[in-house]
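Take a look at the structure set out below.
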Amino acid sequence: MKSMWDEGRNEIKERVARLTPESRAQWGRFSAPQMVCHLADSLKMALGELPVKSKRLPIRYAPLKQLIVYVVPLPSNMPTAPELIARAPGDWQADVADLQSLVDRFQPRSGARWPEHPAFGALSERAWGVLAYRHM
C-alpha cells in the first residue's frame, strides 16, 4: 500500500505541481485553491503545528479505524474538522509552495510521538503515512 513514506511522496508532489487555480475538483467540492489550503493544514495538523479538536467517533476504534485507513475507499464530501477549512486561500504560488514544503517536511520520525488525529485518534507512524497519502 502506498504511503507518504515511499513512492507516494513523489507522486503527490508531481500531482500538486500540475495543479492550476482553475483545476476542477475530481473528488470533493473544494476549488483547487481551497483544496491546497486544506491539504496544507491537514499536514500541519499531522505535524503537530495546527491544533484540531478531537471528536469522539466510532471510527476511532478497531476495526473501523483500520478499515478506513487501509482498506475502504475514502468517501468524498466527508465532514472535516472546522480548523481544516477555516483558512481562506491566498496567493496561489505561495499556497502551493507551502503545501510542497509541508510534503517534504512530512517525514517518518523514528520513535517520536505523533499527535492524535481528530477523527481516528492515536495512529501509528505507518497509519499516518498511509492516511496522509490517501487523503492527498
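No single ILVMFWY cluster, assembled from side-chain heavy atoms under 4.5 Å apart, contains both Y61 and L123. Using a 4.5 Å cut-off between side-chain heavy atoms of Ile, Leu, Val, Met, Phe, Trp and Tyr, with links allowed through other members, Y70 and Y133 fall into the same hydrophobic cluster. Linking ILVMFWY residues whenever their side-chain heavy atoms come closer than 4.5 Å, directly or via other members, places L67 and V69 in the same cluster. Under a hydrophobic clustering in which Ile, Leu, Val, Met, Phe, Trp and Tyr are joined whenever their side-chain heavy atoms come within less than 4.5 Å, directly or via other members, W27 and L84 fall into the same cluster. Two different hydrophobic clusters hold I85 and M78 under the rule that ILVMFWY side chains link at heavy-atom gaps under 4.5 Å.
Annotation: side chain of I68 is not in contact with side chain of L131 (no heavy-atom distance under 4.5 Å).
If you take NZ on K44 and SG on C37, they are separated by 8.0 Å, rounding to the nearest 0.5 Å. Rounding to the nearest 0.5 angstrom, the gap separating the CG atom in L47 from the CG atom in L102 is 6.5 Å.
The backbone N or O of S76 lies less than 3.5 Å from no partner atom in the side chain of R29, so there is not a single donor-acceptor pair. A donor-acceptor pair is defined here as one N or O able to donate and one able to accept, closer than 3.5 Å; no such pair exists between the side chain of R18 and the backbone of K13. Of the possible polar contacts, one joining the K65 side chain to the A122 backbone as a donor-acceptor pair under 3.5 Å is found. Panel note: side chain R126, backbone V130; no donor-acceptor pair is recorded below 3.5 Å. Side-chain atoms of D95 come within 3.5 Å of backbone atoms of G90 as a donor-acceptor pair (strictly under, hydrogens ignored).
Among all heavy-atom pairs drawn from M45 and P115, the shortest one is O-CG, 3.5 Å. What you find for W92 and T20 is that their closest heavy atoms are CZ2-C, 3.5 Å. Nearest heavy atom pair, residue A32 against residue P21, reads CB-O, 3.8 Å. S3 approaches D6 most closely through the heavy-atom pair O-OD1, 2.7 Å. A pairwise comparison of heavy atoms in V16 and V96 identifies CG1-CG1, 3.9 Å as the closest pair. Across all their heavy atoms, R87 and A40 have their closest contact at NH2-CB, 3.6 Å.
Two rings, from W5 and F106, have their centers less than 6.0 Å apart. H117 has its ring centre no less than 6.0 Å from the ring centre of H135.
Note on E11 versus K2: salt bridge recorded, some NZ/NE/NH1/NH2 to OD/OE distance being below 4.0 Å.
With E116 as reference, R60 is the one residue of K55, R56, R60 to meet the salt bridge (charged side-chain N to carboxylate O under 4.0 Å, His left out) rule.
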